[in-house]
Amino acid sequence: MASQAIVHSPPTCSSTVMATDSVQLLLSPPPRTGTVPPRPYRELLSRAYDGGIAVGIAFVAQFLMAGIQLVLSVSNKVEFPPSVVAMAAIFGLFCVFGCIFPGTEDFYRNRLKRPADLLNRHMSIGFTIPFLMICNGSLKDVWVIGPIIGCFVLTGLFNTIISYVLALPLQCLMVRWDSGSWTLSDIEKGISRAEQQQRQNSKLRLPVQSFCDSMDTDDFALAVAPPEPATPETEVTTIQSVSGLTTLKLWTLANPMLLLTWTLTLTVGLPLRLCLALDTPLSTLLLFSLWLSTLSIQSALKPSPRLGPFLRTLLSGLFNAVLWTSLSMAAYLLLDGHLSSRTLQDMLSTLRTDNPFSSSLVKNFSVPMTAGDVALSILNAGLVSWGLKLYEYRLQLLSRAGLTVFTVSSLLALGNISCGPLLAHTMGVAPQNRALAFAARSVTLALGNPVLDTLHADKSLNAAMVVISGIVFQMGLGFGIGRVMERNLVNIGLPPGGEKTHKRENDPRTVAAGVTVGINAAAMGTAYLYETKSEAAPYSALSMMALGIMTVVFSTIGPLAGWVLGSVGGAT
């Protein structure tokens, strides 16, 4: 499935490929008809189309969540996040349509997949404001920070080891089970013979024998799809000089939204702030400008030929978009607060009111939205669009590997909910809301926010833990921790003959590694696996979603939530 996603992806916008084609066009224009635009403009139009569809999906998600919120508000006994209900509704709806209309799969692949991927990529902007809100806490001395760091490290080690130790033998048992409907490869069920042959012969699968084999740092330079093989013509054009005007034109075509947001920030947001003292327009435009800038820099670092593999991995991991956007926004708040004689707490209050667009629809926009509310709206829309991803991965979800993913994720979710806050409280993490933040310690923030709302936990501390875990795992995978793990593990549980036979299908180590990354590194680790074209990527995505969903489900169980709250109630 991972290879399918790569094959159907649009042409990459990496600087190398785009520059080669664009320079060839500008230096020696080929004859063209009056109806076919040159490739850079076709790419720009394609991205504009995908962006428009993504915006449409986001608005549909907001209206759907608003309707669900109204329905749930009628019954005070039902407390379930509208975004999760909407995600499940989208998944169920597409599954029903897929059974009735045979063209549903093609419609999703051709029309909705790229916009959904775009929305999922940018939904992480909603993590920046919760991460920034840690500045609003009282983490001032080592007696406060020390227990938090100790519990963070300890729970991280426990979760990593337990998730791998549970997933590996369980998937080994699944592979050994040869009765009934389990005799076929779970991923190949429901896939045509021609597509099976295409996947087996695809060149994208040849270098990826298993998860750990794909963790070579040289592969980190790959983008969404591999660059086209060099031809004599492209080799000639790459050595030709490019003028500054051509470089500027290519950069503008590759980064239209980045240029637009910075232009609006300087021409609209800044004058409104200086003349009318309006904080929201400037902070919102600046948030998007900084987000797109950090993503652009990070994307430029990954394939840079001037940096070695180790340095590329280090810099791209350290230059995390959530981290640096949050730090840059903190610098803006400090500067604006100094110029306007306002405290940092006052400036932070201008960024978030916990009133996303869907809630504003229910309240008829009685409360004005802020920059953080806009970012939260994108985060919720991305969460709803995960229903499309569940539909895309439905074969893995209903397979033996899917059963392994769901079982391990459910056990870890229950363990985190019941034991995480207790361990934090025992180690001296206080007050109560900080200890409760460990209930969703490794849940991606899109799904963790509903849990934190239910338990009244510290969102800023939880955001910091999730972001730091993602950075650590992303860099660790790039530095080859996966290869070290594989060299020290024996081939337990594999059928006779079998390492080569099951490497390509249900290798327990591939499934276990994907589950471990998805549970502990969430979106950042999953994104890395997709970039390296690892076969563990779908299992990572599924486990990330399964962990979050089951954590939400367990947090809504009244007796369990009450017991957890009562157990850490002594924290002060």
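Note that CG of L168 is 10.5 Å distant from OG1 of T510, once rounded to the nearest 0.5 Å. To the nearest 0.5 Å, atom CD1 of residue I149 and atom CG of residue L154 are 13.5 Å apart. The CG atom of L447 lies 10.5 Å from the OG atom of S555; values are rounded to the nearest 0.5 Å. Of the inter-residue distances, the one linking S296 atom OG with L301 atom CG reads 9.5 Å to the nearest 0.5 angstrom. Considering CG of L72 and CE of M65, their distance stands at 12.5 Å, rounded to 0.5 Å. For the atom pair CG (L390) and CG (L542), the distance works out to 7.0 Å, reported to the nearest 0.5 Å.
A pairwise comparison of heavy atoms in A167 and T404 identifies O-CG2, 3.8 Å as the closest pair. Contact between M123 and L379 at its shortest, heavy atoms only, is O-CD1, 3.4 Å. Scanning both residues, A440 and V451, for their nearest heavy atoms gives CB-CG1, 4.3 Å. Scanning both residues, L383 and S83, for their nearest heavy atoms gives CD2-OG, 3.1 Å. Minimum interatomic distance between F438 and I148 (heavy atoms only, all atoms of both residues): CZ-O, 3.9 Å. Closest of all the heavy-atom pairs between S385 and G382 is OG-O, 2.6 Å.
Two residues are said to be in side-chain contact when any heavy atoms from C-beta on lie closer than 4.5 Å; W386 and F91 fail this criterion. Put simply, the side chain of N416 does not reach to within 4.5 Å of the side chain of T551, judged on heavy atoms. In this structure, the side chains of R509 and Y164 come closer than 4.5 Å at one or more pairs of heavy atoms. Contact annotation: the side chain of L290 never approaches that of Y332 to less than 4.5 Å [non-hydrogen atoms, C-beta and beyond]. For the pair Q171/Y539, no side-chain contact is recorded, criterion being any heavy-atom separation below 4.5 Å from C-beta on. You'll find the side chain of Q62 stays beyond 4.5 Å of the side chain of V384, heavy atoms only. Proximity of T261 to L285: side-chain heavy atoms (C-beta onward) are nowhere separated by under 4.5 Å. Within the 4.5 Å cutoff, the side chain of M550 has heavy atoms near those of the F406 side chain.
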* Asked: Going through the checks in order, is the side-chain contact (heavy atoms from CB on, under 4.5 Å) test met by L132 and L333?
  -> CA-CA 10 Å; L132 180 61; L333 294 180; 3.8 Å; yes

* Asked: For L547 and V443, what are the C-alpha separation, side-chain angles and deciding distance, and is it a side-chain contact (heavy atoms from CB on, under 4.5 Å)?
  -> CA-CA 7 Å; L547 177 74; V443 177; 4.2 Å; yes

* Given side-chain contact (heavy atoms from CB on, under 4.5 Å), test I90 with L64 step by step and report yes or no. => CA-CA 10 Å; I90 292 293; L64 182 59; 4.1 Å; yes

* Taking it one step at a time, do L348 and R352 satisfy side-chain contact (heavy atoms from CB on, under 4.5 Å)? -> CA-CA 7 Å; L348 288 171; R352 188 176 72 176; over 6 Å; no

* To do: Verify side-chain hydrogen bond (donor to acceptor under 3.5 Å, both in side chains) between S418 and W563, making sure each step is shown before the conclusion.
  => CA-CA 8 Å; S418 58; W563 176 78; over 6 Å; no

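Not a single donor-acceptor pair under 3.5 Å links the side chain of N255 to the backbone N or O of L258. One N or O on the side chain of D373 and one on the backbone of T370 form a donor-acceptor pair closer than 3.5 Å. At distances below 3.5 Å, at least one donor-acceptor pair connects side-chain atoms of T556 with backbone N or O atoms of V553. In this structure, the side chain of S326 does not engage the main chain of F131 through any donor-acceptor pair within 3.5 Å. Distance alone, capped at 3.5 Å, places no donor-acceptor pair between the R121 side chain and the D117 backbone. With hydrogens and angles disregarded, a donor-acceptor distance shorter than 3.5 Å links the side chain of T325 to the backbone of A321. No donor-acceptor distance shorter than 3.5 angstrom exists from the side chain of S360 to the backbone of F365, with no hydrogens or angles considered. In this structure a side-chain-to-backbone donor-acceptor pair under 3.5 Å is present from R312 to L307. With hydrogens and angles ignored, the 3.5 Å screen pairs a side-chain donor or acceptor of T343 with a backbone N or O of D346. Under the 3.5 Å distance criterion, the side-chain polar atoms of N462 are matched with a main-chain donor or acceptor of A437.
Checked by atom type, the side-chain pair T265/S289 shows a donor-acceptor distance below 3.5 Å. No side-chain donor from either of S442 and N520 sits under 3.5 Å from a side-chain acceptor of the other.
Ring geometry for W324 versus F319: interplanar angle under 30°, hence parallel rather than tilted (30 to 60°).
Under the 4.0 Å criterion applied to side-chain N and carboxylate O atoms, R273 and D279 are assigned as salt-bridge partners.
Put simply, the residue from T128, L351, L334 that forms a side-chain contact (heavy atoms from CB on, under 4.5 Å) with M329 is L351.
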